[in-house]
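Working notes for the structure below.
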Amino acid sequence: MAFERILLRNVGRPNSEKIDTYLEHGGYQALRKTLHEYTSEDLIEMLKKSGLRGRGGAGFPAGLKWSFMPKDSDVTKYVCVNTDEGEPGTFKDRLLVERDPHSVIEGAIIASYAVGAHRAFVYIRGEFFLGVKRWMKAIDDAYARGFLGKDILGSGFDLDLSVHRGAGAYICGEETAMLESLEGKRGEPRLKPPYPAQVGLWGQPTLVHNVETLACVPHIVLRGPEWFASIGTEESKGPKIFCVSGDVQRPGNYELPLGTTLREIIYEHAGGIKGGRKLKAIVPGGASTPMLTSEHLDVPMAFETLSKAGSMLGTGGITTMDEDACIVDAALRLTRFFAHESCGKCTPCRVGTQRLMGILQRIEDGHGREGDINRLLGLCHGIMGHTFCPMGDAAVNPTLSSIKHFREEYEYHIEHHRCLAPLQ
Ligand SMILES: Cc1cc2nc3c(=O)[nH]c(=O)nc-3n(C[C@H](O)[C@H](O)[C@H](O)COP(=O)(O)O)c2cc1C
Ligand code: SF4
């Protein structure tokens, strides 16, 4: 089904990253409208009405988060744009930043005005070389045209925005670890509560948002919250960029309404599975989210429906595996990622992920022992809910969900010392 491109409307135009291209296609009109027509309260109400939920993984209602920021004008407040995007299978924020950075800058300025912040930071993954370049150039151009700096568009509102490069640690995408890293410390999560909207960067109230979330904001201001809320499902509003990868014919980013089924995304937009093979497994929302199977193809990609199906919308990064994939190998690779990225602050995650990896590796190598499946499950339950930050729960999802849906593959590996899937 064709759907109007909203967030990706400029991607694909020549020189889409340039400020002139952005201005030619209606760019910065939402900011102009915001600064001259709306108060902070208007904007918070507008965001609440729109139903926009965070696109960074947790899906927290954006308007509610804005309303948690203290109203006092003499309190120093910050806004942070989370451009870390380290979740395997997720590559939408990078696209927005490389191809349409001004849409994110415009969203960040509107958000800063709404919460009364005069200083904002972009935290970007160090490996995003082009993204860093595009961010810096876009910010310079926005200053030169009066969209950043002092007295923006004659409104009396001031905002400075600058870029901070991370060093490529997955945990620095977690908002409190990101704040630690921004402060120049080792990137480890902080205990929550207090949440960043209360105690954030250098102890001050801080609004942290994902790139895609901020890119939605100018459209809500220009076209109205009712329009935004008319797209999607009951609890999941607006457009969403789904990143499709793995064994599909046409991997890539597809912008569609929240609530589009996995079947439509995989078979209509991404062209189905390569070579006409059968689909075996789907990781629907980035590596942290539990695997599903081909039986879940009719599940709509929305917060509430994925949770009912036993998984999560996460980042909307859909990874597909065909009938030839080895599920134990897939669980091992994903677990290896989490074990490598564990920040080491708490023992269940630091040691537990290494132990998980060890058992998965020996099963994959054909040396699995009787009782290994129960050992894996025991370890997962020992980690889940017992870690300092949500990464512990994320790290067990590949193992738990793959045993739930594909237990017979584990049993076959252990009993026959080899893989059930062909070509392994
Ligand atoms: C381990 C971990 C990694 C995360 N990585 C990212 C990330 O790369 N980008 C992102 O926007 N949010 C990431 N998040 C979610 C952030 O903590 C936070 O919820 C988000 O930036 C808030 O923005 P949103 O409300 O616009 O989604 C991560 C969370 C966890 C637990
Ligand atoms: S769960 Fe893992 S990533 Fe999170 S604080 Fe503990 S060790 Fe660090």
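Counting convention: from 1, in listed order, for ligands and their atoms alike. All figures in this text were calculated on a predicted structure; none of them were measured in a lab. For the single chain, residues carry numbers from 1 onward in sequence order.
Residues H219 and F228 keep their aromatic ring centres 6.0 Å or farther apart.
Within the protein, the N, O or S atoms sitting under 2.8 Å from atom 4 (Fe) of ligand 2 are C389 SG.
Note: L23 CG to F147 CZ = 5.0 Å, rounded to the nearest 0.5 Å.
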Mind listing the N or O contacts between ligand 1 and protein, cut-off under 3.5 Å?
unit_1, atom_1, unit_2, atom_2, d
ligand 1, 5 (N), G173, O, 3.4
ligand 1, 8 (O), E85, N, 2.9
ligand 1, 9 (N), N82, OD1, 3.3
ligand 1, 11 (O), N82, ND2, 3.4
ligand 1, 11 (O), N210, ND2, 2.8
ligand 1, 12 (N), G56, O, 3.4
ligand 1, 12 (N), N82, ND2, 3.2
ligand 1, 14 (N), G173, O, 3.3
ligand 1, 17 (O), E175, N, 2.9
ligand 1, 21 (O), N82, ND2, 2.9
ligand 1, 23 (O), N210, N, 3.2
ligand 1, 25 (O), K65, NZ, 2.9
ligand 1, 26 (O), H209, ND1, 2.8
ligand 1, 26 (O), N210, N, 2.8
ligand 1, 26 (O), T213, OG1, 2.7
ligand 1, 27 (O), R55, N, 3.3
ligand 1, 27 (O), G56, N, 2.8

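In this view, P257 and F3, I231, T260 satisfy the side chain to side chain contact (heavy atoms under 4.5 Å, CB included) rule, not counting sequence neighbours.
With no hydrogens or angles considered, a side-chain donor-acceptor pair links S181 and Y123 at under 3.5 Å. A donor-acceptor pair shorter than 3.5 Å cannot be found between the side chains of H25 and R9.
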Give every donor-acceptor pair under 3.5 Å between a side-chain atom in residues 136-146 and any protein atom, sequence neighbours left out.
unit_1, atom_1, unit_2, atom_2, d
K137, NZ, D141, OD1, 3.0
K137, NZ, D141, OD2, 3.1
Y143, OH, D160, OD1, 2.6
Y143, OH, L161, N, 3.1
R145, NH1, D20, OD1, 3.1
R145, NH2, D20, OD1, 2.9

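A salt bridge does not link E180 with K345: every distance from a Lys NZ or Arg NE/NH1/NH2 to an Asp or Glu carboxylate oxygen is 4.0 Å or more.
Around CD of E37, the count of heavy atoms belonging to other residues, nucleotides or ligands within 6.0 Å exceeds 12.
In summary, of the residues considered (N210, T315, T83), a side-chain hydrogen bond (donor to acceptor under 3.5 Å, both in side chains) with D93 occurs for N210 alone.
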